[in-house]
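A short worksheet on the structure shown next.
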Amino acid sequence: MRPVIPYVTAALLFGLGVYGVLRRRNAVLVLMAVELMLNAVNLVLVTADTTVRAALPHSGQVFALFVIVLAAAEIGVGLAIVLQLYRLRASVTVDDVPLTEHEPTATGESASPAPEGATR
Amino acid sequence: MTGADVLLLALGAVAVGAGALVVATRHLVRAGLWLVVCLGALAGDYLVLTAELVAWVQVLIYVGAVVVLLLFAVMLTRAPIGPSDDLDRPGWPAALVGAGSGLGLAVLLVHAFRWSRVDLPAAGTAERLGEQVFRAWVLPFEVLSVLLLAALVGAIVLSRPDIGGRR
């Protein structure tokens, strides 16, 4: 088995994930690109298990399992945040999210109670 | 080139191709479906690398749960059926940073491993991995269970407006 093949696959997948996070405007698509990056890391961990003879056997695969659990937790909280954003602003475009807590210019902050009341 | 190499090459090509379509397609739902192809090919990679348990956990958790959650979110945010034009921001910087990090890492790893050959280790079955998880890694395992509980409570609080304390 040539370890360079899965390693290069993982590197390319990670690059695609970085590109997706920076390029995509839709929050759900950003989360999908984050999943690509996490999977690239998992592939590196599983491949490292075959190339590195560690003191504890199968450490890389155990770490990959932990990363999968972390990704599940991340996607749960992330989607809850995305859905709350959609409920408040009726859009999941990450460019439109105000970075300050209360904007004095009111680009949409004042309009937020209206869709919230509509969803109840 | 052994059979394992050919399989790894083919599955890697499928994974990278499907990943490229995930970040490039104009259809929201199709991005989720290409993600299924990509994660499935990676599960095949894990099987070739003798990580049996990780492969099946990948199929169960990623393809079974995470992608379904993502598609659920796509539907709940009223995604249009056809192609949408406002998914991307115009991005040479994104292509530059993505290609830079991906190709940079690839060059680094190729330089480190060349065309070297290793023997596959003993298969990572549920028995062997369970022994490791519950013996050497039991503290991280317990911390992770607390983290999962915290994430669950956080998701519930976030999605319930009456207990969220937003005001």
Side-chain angles (χ1 to χ4, degrees), chain A residues 1-9 11-20 22-26 28-29 31-33 35-36 39 42-43 46-47 49-51 56-59 61-62 64-66 68-73 75-77 79-84 86-87 92-93 95 116 120, chain B residues 4-5 8-9 12 15-16 19-20 22-23 31 35 39 42 45-46 49 51 54 57-58 61 65-66 69-70 73-74 76-77 86-89 91 94-95 97-99 101-103 105-106 109-110 113 115 117-118 120-121 124 128-129 132-133 136-137 140 144 147-148 151 154-155 158-159:
Chain A
M1 199 274 297
R2 317 268 179 198
V4 74
I5 301 171
Y7 273 138
V8 169
T9 306
L12 294 180
L13 268 183
F14 189 85
L16 283 173
V18 171
Y19 170 75
L22 293 177
R23 179 80 196 265
R24 291 302 205 180
R25 194 175 268 162
N26 188 305
V28 182
L29 287 174
L31 281 177
M32 287 188 194
E35 293 305 309
L36 280 186
N39 271 282
N42 269 347
L43 188 54
V46 171
T47 313
D49 216 22
T50 67
T51 60
L56 294 169
H58 301 304
S59 302
Q61 293 179 26
V62 172
L65 285 179
F66 288 168
I68 289 177
V69 173
L70 282 173
I75 210 76
V77 177
L79 287 181
I81 293 173
V82 167
L83 289 182
Q84 185 71 7
Y86 182 75
R87 195 179 297 161
V92 287
T93 310
D95 287 356
E116 171 204 338
R120 290 270 176 93
Chain B
D5 291 338
L8 281 176
L9 261 183
V16 172
V22 169
V23 295
L35 192 63
L39 300 179
L42 279 177
D45 256 359
Y46 297 158
L49 293 169
V54 182
V57 168
Q58 163 102 354
I61 306 241
V66 168
L69 262 183
L70 280 168
V74 166
L76 276 180
T77 53
D86 58 342
L87 291 182
D88 296 339
R89 56 174 74 91
V97 174
S101 59
L103 293 179
L105 280 172
L109 288 165
V110 167
F113 286 92
W115 197 237
R117 198 175 168 286
V118 295
L120 286 170
R128 292 195 187 116
L129 250 69
Q132 285 304 311
V133 167
W137 301 101
L144 265 186
L147 180 125
L148 267 184
L158 268 175
S159 51

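Proteins come first, then strands; the chains are lettered A, B, ... in the order of their sequence lines, and each starts at number 1. Here the structure is a predicted model, which means the values were calculated and not measured.
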At a heavy-atom distance under 4.5 Å, which candidate from [options] has the highest pair count against chain B?
options	result
A/Val92, A/Thr9, A/Leu31	A/Thr9
A/Ala33, A/Gly76, A/Ala73	A/Ala73
A/Ile68, A/Val77, A/Ile81	A/Ile68
A/Asp49, A/Ile5, A/Val28	A/Ile5
A/Pro57, A/Gly20, A/Pro6	A/Pro57

Within this structure, what is the [atom1]-[atom2] distance for the pair [X] and [Y], rounded to the nearest 0.5 Å?
X	Y	atom1	atom2	result
B/Leu70	A/Leu79	CG	CG	5.5 Å
A/Leu43	B/Leu42	CG	CG	5.5 Å
B/Leu148	A/Leu70	CG	CG	8.0 Å

Within a strict 4.5 Å, meaning less than it, do heavy atoms of the [X] and [Y] side chains meet?
X	Y	answer
B/Gln132	A/Leu65	no
B/Leu103	A/Leu12	yes
A/Tyr7	B/Val110	no
A/Tyr86	B/Leu76	no
B/Leu49	A/Met1	yes
A/Arg2	B/Leu8	no
B/Ser101	A/Tyr19	no

Given B/Asp88 and A/Arg25, is the salt bridge (charged side-chain N to carboxylate O under 4.0 Å, His left out) satisfied, shown in steps? CA-CA 5 Å; B/Asp88 296 339; A/Arg25 194 175 268 162; over 6 Å; no
Would you name the heavy atoms of [X] and [Y] that are closest together and state the gap between them?
X	Y	result
B/Arg117	A/Pro3	CA-CD, 4.5 Å
B/Phe113	A/Val4	CB-CB, 4.3 Å
B/Gly19	A/Leu13	CA-CD2, 4.4 Å
A/Ala11	B/Ala106	CB-N, 3.5 Å
B/Trp137	A/Val62	CD1-CG1, 3.7 Å

Where on [X] is there a heavy atom nearer than 4.5 Å to chain A: the side chain, the backbone, both, or neither?
X	value
B/Leu35	side chain
B/Asp45	side chain
B/Ala65	neither
B/Leu9	both

Which bit of [X] is near chain B, if near means a heavy-atom gap under 4.5 Å: side chain, backbone, both or neither?
X	answer
A/Thr93	neither
A/Leu83	side chain
A/Leu29	side chain
A/Leu16	both
A/Asn42	both

When [options] are compared by non-hydrogen pairs under 4.5 Å with chain A, the top option:
options	answer
B/Pro140, B/Gly154, B/Gly124	B/Gly124
B/Val22, B/Thr77, B/Val57	B/Thr77
B/Ser159, B/Ala151, B/Ala4, B/Gly98	B/Gly98
B/Ala20, B/Ala136, B/Ala99	B/Ala20

So A/Met32 and B/Val74, side chain to side chain contact (heavy atoms under 4.5 Å, CB included) or not? Walk me through it. CA-CA 11 Å; A/Met32 287 188 194; B/Val74 166; 4.2 Å; yes
B/Arg89 side chain vs A/Leu22 backbone, donor-acceptor pair below 3.5 Å: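 Checked: pair present.
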